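What follows is a single structure, written as structure tokens, with notes after it.
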Amino acid sequence: MESSYKGILYPARLPSFHRLPAPASVAELVRWFWIPEWDIEPGRTSRQHLIAYPGSNLVVQPGGVVFSGPTTRAAHRDLAGRGWAVGALLRPAAVPLFTEDPSGLRDTEVAVSAEDLHTSVAEAMNTYDGGTRRGRAVDAFAGWLASFAGPGVSEEASLANRLMDVIGSDAGIVRVEDAASALAVSQRTLQRAARKYIGLSPAALIRRRRLQDAAERARLDASADLAAIAAELGYADHAHLTNDFQKYLGFTPSTYRRELNG
């Protein structure tokens, strides 16, 4: 599984965060499960900044269950008091279970009526037993989702999964035609699958991966030259990397580094 903190801009500020692999029963539906837990002293908040992975999430929280559509920009969430969440980063094949139009839910959360899911996950998370609660919560979540989804996924849904996988894992893919070639299908076929199962274009998926990779490199290696990072990730030059940071995150790579060390 990928770095536990990839996509999280300031991991040192996290109260507690775990990513758990998806059980085999939902491997075609879930990329991984993520579980933050926090206990913030009264009167304070902890702001978490994210470059979210370019997919949808199904999230169980103490107050209920929500489906969170794909994001188009960096986001933040303010944590206060004591709480937890158990989220599933959905693979594209799972998205039609919850919406026929993922692009219509960009940067949006909607409530999901899933009382059985909420009850079983909350029961696990509210049992403080030395850490096994997280695994039991994931097992409960996976069991519900497998039952809800039924057997197998379609060929088109499988292609959407592979599209997300190849773009997310291959830094050599910097254009949509690269992804089409890797999957041996037309660009139009990729566009159609992305629209139906993801809600973001293949070009947006590539851009998100490059931004995540650039932010992670800048965070993990303070001595790495930003121009070299830009070249390694396929940007035309340092200025293009800076422009992408500014447009989608709201700050430059240099500013981000100063914030990390501040």
Side-chain angles (χ1 to χ4, degrees), residues 1-41 44-71 74-92 94 109 112 114 116-146 148 161 164-165 168-169 208-209 211-213 215-217 219-220 260:
M1 194 163 62
E2 295 181 40
S3 165
S4 291
Y5 296 124
K6 188 175 180 180
I8 299 170
L9 289 172
Y10 303 99
R13 302 177 188 176
L14 280 173
S16 172
F17 184 81
H18 296 83
R19 279 183 182 150
L20 282 71
S25 61
V26 292
E28 291 182 301
L29 303 174
V30 177
R31 191 168 181 182
W32 59 62
F33 291 88
W34 49 270
I35 304 178
E37 298 173 86
W38 61 93
D39 190 357
I40 311 297
E41 60 184 87
R44 300 194 64 180
T45 62
S46 175
R47 173 162 289 189
Q48 307 304 319
H49 295 263
L50 306 170
I51 314 174
Y53 278 82
S56 297
N57 288 267
L58 186 65
V59 188
V60 180
Q61 305 168 116
V65 182
V66 297
F67 176 86
S68 179
T71 62
H76 70 266
R77 187 177 295 271
D78 292 324
L79 306 180
R82 184 175 186 176
W84 54 264
V86 180
L89 175 58
L90 300 177
R91 301 191 73 192
E109 287 186 353
V112 174
D116 290 349
L117 171 62
H118 182 264
T119 297
S120 60
V121 171
E123 181 179 350
M125 290 301 296
N126 289 329
T127 302
Y128 293 91
D129 55 3
T132 63
R133 64 186 178 279
R134 289 186 287 269
R136 290 189 292 107
V138 164
D139 288 342
F141 203 140
W144 180 89
L145 187 56
F148 183 69
N161 279 355
M164 185 76 86
D165 290 346
S169 63
R208 186 73 55 84
R209 186 209 68 226
L211 275 174
Q212 285 188 334
D213 287 348
E216 184 172 54
R217 283 290 310 279
R219 174 172 58 84
L220 294 179
L260 286 169

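Since this is a predicted model, take the numbers as computed values, not measurements.
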Query raised in the report: Are the side chain of N161 and the backbone of E28 linked by a donor-acceptor contact shorter than 3.5 Å?
Result: yes

Report task. Without swapping roles, check the side chain of R209 against the backbone of S169 for a donor-acceptor pair under 3.5 Å. Result -> no

Report task. State whether the side chain of H118 and the backbone N or O of Q61 hold a donor-acceptor pair below 3.5 Å, judged by distance alone. Result -> yes

**Report entry** Test log, rule side-chain contact (heavy atoms from CB on, under 4.5 Å), inputs L20 and F141
**Finding:** CA-CA 12 Å; L20 282 71; F141 203 140; over 6 Å; no

Query - CA sep, side-chain torsions, deciding dist, call: L58, L117, side-chain contact (heavy atoms from CB on, under 4.5 Å) - result: CA-CA 11 Å; L58 186 65; L117 171 62; 4.1 Å; yes

Report summary line: Taken to the nearest 0.5 Å, the spacing of R133 CZ from M125 CE works out to 5.5 Å

Query raised in the report: Which heavy atom of F33 sits nearest a heavy atom of P23, and at what distance?
Result: CE1-CD, 3.7 Å

Requested in this report: Looking only at non-hydrogen atoms, find the nearest pair between A114 and V65 and report the distance.
Outcome: O-CG2, 4.0 Å

Requested in this report: Could you tell me which non-hydrogen atom of V30 sits nearest to which non-hydrogen atom of A22, and how far apart they are?
Outcome: O-CB, 3.4 Å

Query raised in the report: If you look at every heavy atom in V66 and V112, which pair is closest and at what distance?
Result: C-CG2, 4.0 Å

Query raised in the report: Is any side-chain heavy atom of F148 closer than 4.5 Å to a side-chain heavy atom of L29?
Result: no

**Report entry** E109 CD to F67 CZ distance, which is reported to the nearest 0.5 Å
**Finding:** 10.5 Å

Report summary line: Distance col, row E37:CD vs R134:CZ, nearest 0.5 angstrom, shows 5.0 Å

**Report entry** Expected output: side-chain R208 to main-chain T71 donor-acceptor under 3.5 Å
**Finding:** yes

Requested in this report: Check whether any side-chain heavy atom of V60 lies under 4.5 Å from a side-chain heavy atom of W84, and answer yes or no.
Outcome: yes

Query raised in the report: Which heavy atom of G69 sits nearest a heavy atom of S56, and at what distance?
Result: CA-OG, 3.7 Å

Query raised in the report: What closest approach, in Å, do V59 and A85 show between heavy atoms, and which atom pair accounts for it?
Result: CG1-CB, 4.1 Å

**Report entry** Side-chain touch R136/T127, heavy atoms, less than 4.5 angstrom
**Finding:** yes

